[in-house]
Amino acid sequence: MASKRIIIIGGVAGGMSAATRLRRLDESADIVVLERGGHVSFANCGLPYYLGGVIEERDSLLLQSPKSLQERFNLDVRVRHEAVSINRSAQRVLVRNLATGTDTEERYDALVLSPGATPVRPLIPGGDRMLTLRDIEDVDAAMSTLISAPRSALVIGAGFIGLEMVENLVHRGIAVTLVQRGDQVLTPLDPEMAQPALERLREAGVDVRLNTQVAELTSDSALLDDGSIVPAEFVLASIGVRPDTSLATAAGIDLGERGGIRVDDQLRTSDPLIYAIGDAVEKTDATSGEARLVALAGLANRHGRLAADAIFGKAISVKPALGTAVVGVMGLTLASTGSNEKLLRSQGRNIRVFHTHPASHAGYYPGAETMALKLIVDAETDAILGAQAVGGEGVDKRIDVIATAIAGGLTGSDLADLELAYAPQYSSAKDPVNLLGYVALNAAEGLTPAIQWHELDAELAAGAILVDVRTAGEYDDGAIPGSVNLPLDEIRERHAELPGGRLVVHCKVGQRGHSAVRLLAQLGHDVVNLDGGYLTWRAGTAASLVPVP
Ligand code: FAD
């Protein structure tokens with residue numbers, strides 16, 4: 001029997017995972033990888049760090065070459081070869097050799113599309129000199145500009161790649177302006193969780209302009225839409241990516257409602273012989289079940305492997321996407337999984353939200369850092385819908401644990417009972433994830449009703465009294481306007497001093513507030529806790545005070 005011929009379009013994250021997995025499954029298959037760029041299997045996630053000089057050698061980004069892939073996996077990898085069109089009825093791809101300009105037709109039994117996504121470029125006067133970052137050609141262009149030692153840089157867009165670029169440009173000693181159209185950085189996170197990143201950027205001297213757009217570029221500066229001019233010798237746009245669906249569209253393959261290639265749970269497109277993976281493809285959102293674009297390397301790699309399994313004939317079923325992600329910003333780590341509060345509230349979901357501020361490891365062991373954690377659960381089922389974390393060490397670990405809990409179908413309350421590794425330098429006997437579980441469990445049982453930082457003003461306007469249960473010293477160092485101070489340890493003796501109506505209590509992080517709620521409720525008061533305490537309120541309030549021009 002003739003061997004199966006599989007053509008893979010795109011030779012980086014998804015495409016190369018599919019190719020190597022296919023070879024491991026089927027030694028006889030004829031596997032051709034077409035890549036229009038000059039390199040395959042490169043580390044696009046490392047590009048910002050090469051530009052910053054953290055990764056010193058360009059070669060470190062090039063993980064494989066056509067030759068190494070031929071030798072180890074017997075793959076026919078053709079760089080500078082572009083798939084120009086797909087003739088589905090004849091099962092052929094028209095391929096252009098970009099070095100020679102010659103076209104050939106290649107037959108396939110199965111075709112895998114992993115063409116990735118294209119960076120979106122703002123259309124503004126002077127925008128031609130704006131750089132984007134996607135591949136080795138882009139990084140070479142950026143590096144050739146950086147070698148001329150620009151003193152100023154403008155980064156447009158405060159998402160993951162934008163912030164990584166800001167960090168690396170600062171690392172090179174360049175003065176950076178960061179322009180973001182929306183009112184917060186890192187929009188996958190909720191504002192109070194992203195606020196520490198904004199503060200860290202400003203502390204590092206980055207000129208962050210929120211609610212602002214670039215109107216025009218001149219040769220070494222940029223005019224912003226508020227009329228100000230900022231220095232911009234180096235300009236990089238990172239305002240998002242658009243799925244590269246050009247080939248699929250021209251071939252009559254169905255797109256989904258978000259503009260990506262639509263696939264089923266076998267990663268098959270509307271043509272059963274054509275599979276699609278990676279950034280070009282719509283995923284199913286784990287919390288809403290709706291179509292969602294998620295441009296992340298982990299998904300591209302996993303789906304590449306799964307597509308190979310499906311082509312080989314193994315049973316697969318693609319799981320919905322959580323969009324678990326992590327980013328480092330000036331020594332701060334921010335991570336998230338699942339949906340955020342903004343999105344869930346806009347969808348009208350009935351949710352419960354919890355903020356905690358635990359130490360990364362046992363407080364008595366040197367070096368513990370405070371992190372902020374946020375958990376969102378479905379108010380009816382307690383199912384975990386999302387989590388976010390910001391801080392130093394151990395932030396990524398906690399989000400990965402919660403992402404795993406979501407995948408395993410655990411509830412918020414189940415987190416209380418997870419048996420997690422502990423020694424003082426790594427965690428606490430009650431890990432931060434366990435503590436989140438305790439808070440979720442208390443809420444599920446109705447033990448401690450709570451409100452969010454953004455609900456406080458409405459409570460106070462309706463007549464509630466805000467009681468700060470921290471010590472007098474803490475209160476004097478900074479308090480929420482309008483609050484009265486009654487330290488937790490004095491509540492039993494002095495609670496009669498409190499007025500009879502509804503009380504909102506708060507402490508620094510929410511834990512003493514929880515004890516105060518339990519005590520006051522048993523003493524007959526109508527009382528709720530301010531979730532996450534003063535720290536969450538302060539971050540959220542600071543984030544919501546961002547001026548809109
Ligand atoms: P790609 O890896 O982009 O590969 C697509 C390839 O297809 C391209 O090389 C393209 O040239 C080729 N191609 C397209 N059309 C054709 C055609 N017609 N013929 C031939 N070849 C074609 N994700 C994370 O999870 N964590 C990170 O830290 C992270 N950091 C990133 C940093 C940067 C700077 C960038 C750009 C991305 C980062 N990502 C990160 C995202 C991650 O790299 C992508 O999600 C992943 O590469 C997507 O894989 P893919 O196979 O869909 O596309």
Side-chain angles (χ1 to χ4, degrees), residues 7-19 32-52 55 61 63 77-86 93-98 106 111-120 131-139 142 155 157 159-165 167-168 188 236-238 240-251 260-261 267 276-283 293-305 307 321-328 333-337 396:
I7 295 184
I8 296 169
I9 299 174
V12 192
M16 207 47 81
S17 296
V32 180
V33 180
L34 302 172
E35 170 53 57
R36 73 176 160 209
H39 303 272
V40 284
S41 209
F42 57 84
N44 24 20
C45 308
L47 302 182
Y49 300 93
Y50 169 64
L51 291 175
I55 297 173
L61 301 170
L63 308 176
V77 177
R78 306 181 193 173
V79 293
R80 308 270 296 133
H81 279 67
E82 179 169 17
V84 178
S85 62
I86 304 165
V93 178
L94 181 67
V95 182
R96 182 158 304 150
N97 180 334
L98 298 176
E106 299 288 341
L111 181 64
V112 179
L113 304 180
S114 190
T118 317
V120 178
L131 299 165
T132 55
L133 194 57
R134 182 75 197 179
D135 54 27
I136 297 293
E137 286 76 13
D138 293 342
V139 92
V155 174
F160 290 93
I161 295 173
L163 294 194
E164 288 179 350
M165 276 307 303
E167 174 174 298
N168 281 286
L236 184 117
S238 52
V241 294
R242 199 171 282 129
D244 186 341
T245 57
S246 47
L247 259 186
T249 310
I261 302 171
L267 295 166
I277 51 180
D279 290 0
V281 171
E282 288 186 356
K283 281 82 181 175
L293 292 170
V294 193
L296 287 171
L299 283 164
N301 278 274
R302 279 166 38 226
H303 290 177
R305 187 178 196 274
L322 287 169
T324 307
V326 63
V327 66
T333 305
L334 299 103
S336 66
T337 187
D396 51 341

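These figures come from a predicted structure and were not determined experimentally. One-based numbering, in listed order, for ligands and for the atoms of each.
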Is any side-chain heavy atom of Leu293 less than 4.5 Å from a side-chain heavy atom of Pro243?
yes
Closest heavy-atom pair, Ala83 versus Val93, reported as atoms and distance to 0.1 Å, is CB-CG1, 3.7 Å
Here the atoms of ligand 1 under 4.0 Å from any heavy atom belonging to Val12 are 1 (P), 2 (O), 4 (O), 9 (O)
The closest protein heavy-atom partner of atom 35 (C) of ligand 1 is Ile161 CD1, 3.5 Å
Taking only non-hydrogen atoms of Gly116 and a 4.0 Å limit, the atoms of ligand 1 in range are 5 (C), 52 (O), 53 (O)
- Query: Asp135 near ligand 1, heavy-atom distance under 4.0 Å?
  - Reply: no
- prompt: Is there a side chain to side chain contact (heavy atoms under 4.5 Å, CB included) between Glu106 and Arg78 once you walk through the steps?
  reply: CA-CA 12 Å; Glu106 299 288 341; Arg78 306 181 193 173; 2.8 Å; yes
The protein heavy atom nearest to atom 10 (C) of ligand 1 is Glu35 OE2, 3.5 Å
Exercise. Looking at ligand 1, does any of its N/O atoms fall within less than 3.5 Å of an N/O of Ile277?
Worked result: no
closest protein heavy atom to atom 20 (C) of ligand 1 is Arg36 N, 3.3 Å
Ligand 1 to Ile9, heavy atom cutoff 4.0 Å, flagged ligand atoms 16 (C), 17 (C), 19 (N), 20 (C)
Across all chains, not counting sequence neighbours, the side-chain contact (heavy atoms from CB on, under 4.5 Å) partners of Arg134 are Ala117, Pro119, Asp138, Val241, Asp279
Smallest heavy-atom separation, Gly15 atom then Ile277 atom, equals N-CD1, 4.1 Å
In this structure, atom 3 (O) of ligand 1 is nearest to the protein heavy atom Arg134 NH2, 2.8 Å
Exercise. So is Leu296 polar-close to ligand 1, meaning N/O to N/O under 3.5 Å?
Worked result: yes
Minimal heavy-atom distance between Ser238 and Gly162, with the atoms involved, is OG-CA, 3.1 Å
One should read off an interatomic distance between Tyr49 OH and Leu61 CG, to the nearest 0.5 angstrom, of 12.5 Å
Note: ligand 1 atoms sitting under 4.0 Å from heavy atoms of His81 are 20 (C)
Ranked by distance from atom 24 (C) of ligand 1, the top protein heavy atom is Ala297 N, 3.4 Å
Of all heavy-atom pairs linking Val33 and Gly10, the shortest is CG1-O, 4.2 Å
| field | Min N/O separation Gly278 to ligand 1 under 3.5 Å | value | no
Atoms of ligand 1 under 4.0 Å from any heavy atom of Pro115, numbered from 1 in the order shown, are 5 (C), 7 (O), 14 (C), 15 (N)
When every non-hydrogen atom of Pro48 is compared with those of Glu164, the smallest separation belongs to CG-OE1, 3.6 Å
Between Asn44 and ligand 1, is there a nitrogen or oxygen pair with a distance under 3.5 Å? yes
closest protein heavy atom to atom 50 (P) of ligand 1 is Ser114 OG, 3.8 Å
Nearest heavy-atom contact between Thr132 and Ala237 is CG2-O, 3.7 Å
| task | Look only at interatomic distance and state if Cys45 has a nitrogen or oxygen under 3.5 Å from any nitrogen or oxygen of ligand 1. | result | no
heavy-atom search around atom 36 (C) of ligand 1 in the protein gives Leu133 O, 3.4 Å
Within 4.0 Å of some non-hydrogen atom of Ala300, the atoms of ligand 1 are 48 (C), 49 (O)
Review point. What do you reckon, does Met16 put a non-hydrogen atom under 4.0 Å from ligand 1?
Key: no
Contact region, Leu247 to ligand 1, non-hydrogen atoms below 4.0 Å, reads side chain
With no hydrogens and no angle check, is any side-chain donor or acceptor of Lys283 less than 3.5 Å from a backbone partner on Val294? yes
Residue, atom and distance of the protein heavy atom nearest atom 46 (C) of ligand 1 read Ala13 CB, 3.8 Å
Q) Does some side-chain heavy atom of Val12 sit less than 4.5 Å from a side-chain heavy atom of Asp135? A) no
May I have the list of side-chain donor-acceptor pairs in residues 36-44 shorter than 3.5 Å, sequence neighbours left out?
residue	atom	partner	partner atom	Å
Arg36	NH1	Glu82	OE2	3.4
Arg36	NH2	Asp244	OD2	3.2

Please examine the side chains of Leu133 and Met165, heavy atoms only from C-beta on, and report whether any two atoms are closer than 4.5 Å.
yes
Numbered in order shown, the ligand 1 atoms found under 4.0 Å of a heavy atom of Ala295 are 41 (C), 45 (O)
